[in-house]
Amino acid sequence: LFQPGKLPGNMNPVLATNARPYSAWTLTPQPAFGFSWAPKVTEGPLKGLFGGDGTVIRGGFALRRFTEPGQYFWNNAADYGSFYFQNFFLTANNTGQAGTFAPGSLAVGQPVPPLGYEPQSYQATAPESDFTFIGGPGVNGLDPNIQQPYTESWNLGIQRSIGASRVLEVRYNGNRTIHQWINIDPNEVNIFENGFLTEFKKAQANLAAYVSAHPNDPNPSFEGTNGSLPIMRAAFGGAGASDFTNAGFVRDLQTGQAGALANVLSGINGTVPYFCNLVGASFAPCKNNIGYTGAGAGYPINFFQANPYAAGNSTGYMVAAGYSNYNGLQVDLRQGAWKGLQFDANYTWSHSLSVESPNDWTGALTVFSLRDLHQGYGPSQFDLTNVAHVNGTYDLPVGRGKALLGNSRVADKVLGGITVGTIITFQSGAPFKLNGGNNTFNDYGDGGVVLHGVTSSQLQKAVGVNRVPGQSYANLIDPKYITPGQGANSAFITPNTTPGTIGSIVYLHGPHAYYQDISVSKSIPIHEQFRFRLQGEFLNAWNHPVFGSTPGSFNSNIKSSGFGRGGVTNQGSFGRIIEVRGNLEF
């Protein structure tokens, strides 16, 4: 992918259909096994620990293969447009052409007029350049030997009865998934093997020298001495070109965005054909698509990107390079029906890490570079470290046949037959990554951040809800780390500006979330065969706002004026919802 000079200058690769383009999966074993052991300890010091025959130990392992969504094939194995597909149509108009008919002229049973075709004949091959330039759909592909994803999961737990109606269980659950499908960009912009990074640093030095000599010039130049920047000079069209003072390029140099500047020079669209100036009109797309006729500077057409026929653009290639793992410790206390009470209380302490596919709820895919996919290995979108749930119901012991006021007809009418229930959730916040906003390494990977006098652990401790008076959002990190209206406080957090590097990759988790729903129902007997039940449900019963608890709800761009902000993310348009229903039971 990163070998400038290996392609001939006038080639135009062809896309071709294939009767059997993918290797089939003909064998997909899915083994699973488990065990359960109920030791009986009737005497000795372990009797109290195991509760006689009240303990069960369970464990298991399973390997499960799965099929990714068919949409992945549609998106990556078949480009839209006239290639791969031939459209048939019949349109109501009066042109008399094939595929048309006069409105109102057709009746049931009447022969259908000749259909129209687009294209007129099916295309089994097509030049790749037809898909890449000037509004083309782009080039996408899918590894014809892509592997089937699978998950290995394992568990081990011990269950102990406590009395006749309660059970306490402690278990460990783990899994790992490999060969997960992810969409990579083989057209990652190259700044290393072609020497562009070295020239970028020279341009930075030129700019610094010019600013030092002309501190008040509003349009500083980074051209430097004659011949010091051969790549840029060729792309800009020669010495003295106005692009040497281009404000966008100057900003890229000041912020170390070598990848961003290289990405501009790698394209053929725009007001200046930078790439064509480098490679010349012998590269057919320059001549045919934008009418370029210059000789160029003789640079190889894959100088910046492996696929120059998608110059300045990304390409999509689906591969089985994703992977993830999960490890969780779970504690569960279950109370069966006992004097009108039943509940389940559980707690999970877990961690989920992945290089994952973009089919999560934010559509995010953290890949920084094809040179090292493992750099994108971090908390998955559902990595909630601490989660506690309590849910249960309780029948009020009041009224006829109950422990309290059993002989009071009034109490029975008013309080009898009432059941209250609740669902309570307390959980850690969703993960997010601090984004520096600079393309220092390539054209798409975030360049990371630099921390000054603070650690990621200290930043995590600073995460919380800091309400802003009169606003519907809150600052979800200690305001001392925020410069109002500008972004992160540069005394602590700055974007990485070192070209050719990716700085610190910092993951944090948002503030914890608390939810409670309550239900109250009353059963009213009407006749021995009829009963009316009135139920009220209070979602977000205490009207408690939850800020920044879901992925993407925390503004993590340190250059954004809204850095650190998050809105209300709990259900019900952010407020309490009361639902009342009545059921007639018979």
Side-chain angles (χ1 to χ4, degrees), residues 51 54 56 58 157 159-171 173 328 330-349 384 386-428 512-546 549-550 568-586:
V56 180
R58 301 184 183 91
Q159 174 184 301
R160 170 74 153 82
S161 62
I162 303 174
S165 60
R166 286 179 298 278
V167 171
L168 177 65
E169 184 173 1
V170 179
R171 56 185 175 262
N173 283 319
Q330 303 171 347
V331 180
D332 187 14
L333 176 63
R334 300 186 293 275
Q335 169 68 63
W338 176 75
K339 297 184 178 181
L341 172 68
Q342 58 183 359
F343 70 84
D344 183 287
N346 56 75
Y347 167 75
T348 300
W349 177 56
L384 305 177
N386 297 280
V387 178
H389 289 126
V390 177
N391 63 80
T393 61
Y394 180 58
D395 300 329
L396 294 186
V398 179
R400 183 177 299 176
K402 299 297 179 67
L404 302 177
L405 303 175
N407 297 323
S408 173
R409 179 170 297 186
V410 174
D412 183 63
K413 294 292 184 182
V414 176
L415 299 176
I418 291 181
T419 300
V420 296
T422 188
I423 300 175
I424 301 173
T425 300
F426 180 91
Q427 65 186 39
S428 303
H512 68 264
Y514 169 79
Y515 310 90
Q516 184 173 10
D517 302 331
I518 296 176
S519 69
V520 180
S521 66
K522 178 174 175 58
S523 180
I524 305 171
I526 300 175
H527 188 267
E528 59 183 26
Q529 295 184 358
F530 295 91
R531 182 178 298 272
F532 180 73
R533 184 177 298 275
L534 182 66
Q535 183 173 2
E537 292 186 350
F538 305 84
L539 306 180
N540 189 13
W542 312 116
N543 204 29
H544 173 65
V546 174
S549 63
T550 59
V568 180
T569 56
N570 51 329
Q571 80 279 11
S573 299
F574 316 147
R576 179 194 298 118
I577 292 179
I578 300 176
E579 297 179 352
V580 180
R581 65 172 61 91
N583 297 322
L584 182 62
E585 302 172 354
F586 58 91

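Reckoned from all heavy atoms, side chains included, excluding hydrogens, waters and symmetry mates.
Taking Arg531 as the reference, nothing meets the salt bridge (charged side-chain N to carboxylate O under 4.0 Å, His left out) condition, with sequence neighbours excluded. Scored by the side-chain contact (heavy atoms from CB on, under 4.5 Å) test, Asp344 finds Asp332, Arg334, Asn346, Asn391 as partners (sequence neighbours excluded).
Here the closest non-hydrogen pair linking Gln335 and Leu341 is CG-O, 4.2 Å. The shortest heavy-atom contact between Ser519 and Gln535 is CB-NE2, 4.2 Å. When all heavy atoms of Val546 and Ala513 are compared, the closest pair comes out as CG1-CB, 3.5 Å. Of all the heavy atoms in Tyr394 and Lys339, the pair that sits closest is CE1-O, 3.8 Å. Shortest non-hydrogen contact noted between Gly575 and Asn543 is CA-OD1, 3.3 Å.
Taking CG from Leu584 and CD1 from Ile526, the interatomic distance works out to 5.5 Å, rounded to the nearest 0.5 Å. To the nearest 0.5 Å, the span separating CG on Asn583 from CZ on Arg533 amounts to 8.0 Å. Rounding to the nearest 0.5 angstrom, the gap separating the CG atom in Asn540 from the OH atom in Tyr514 is 9.5 Å. For the atom pair NZ (Lys413) and NZ (Lys522), the distance works out to 8.5 Å, reported to the nearest 0.5 Å. Summarising the geometry, atom CZ belonging to Phe426 is positioned 4.5 Å from atom NE2 belonging to His512; distances are rounded to the nearest 0.5 Å. The distance from atom CZ of Phe586 to atom NE2 of His527, rounded to the nearest 0.5 Å, is 14.0 Å.
Counting only N and O atoms by type, the side chains of Gln330 and Asn173 include a donor and acceptor under 3.5 Å apart. No donor-acceptor contact under 3.5 angstrom links the side chains of Thr419 and Thr393, judged on distance only.
Here the side chains of Gln159 and Arg58 are in contact, with some heavy-atom distance below 4.5 Å. Contact annotation: the side chain of Val520 approaches that of Ile418 to within less than 4.5 Å [non-hydrogen atoms, C-beta and beyond].
A donor-acceptor pair under 3.5 Å is formed between the side chain of Ser428 and the backbone N or O of Asn386. With Ser161 contributing its side chain and Val167 its backbone, the two residues share no donor-acceptor pair below 3.5 Å. Listed for the Thr569 side chain is a donor-acceptor partner under 3.5 Å among the backbone atoms of Ser549.
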Problem set entry | Stepwise side chain to side chain contact (heavy atoms under 4.5 Å, CB included) check, Val420 with Ile518 | CA-CA 7 Å; Val420 296; Ile518 296 176; 5.7 Å; no

For this session: Go through the steps for Leu333 and Val331 under the test side chain to side chain contact (heavy atoms under 4.5 Å, CB included), then give the verdict.
Result: CA-CA 7 Å; Leu333 176 63; Val331 180; over 6 Å; no

For this session: Could you walk me through whether Arg581 and Glu537 pass the side chain to side chain contact (heavy atoms under 4.5 Å, CB included) test, one step at a time?
Result: CA-CA 9 Å; Arg581 65 172 61 91; Glu537 292 186 350; 3.2 Å; yes

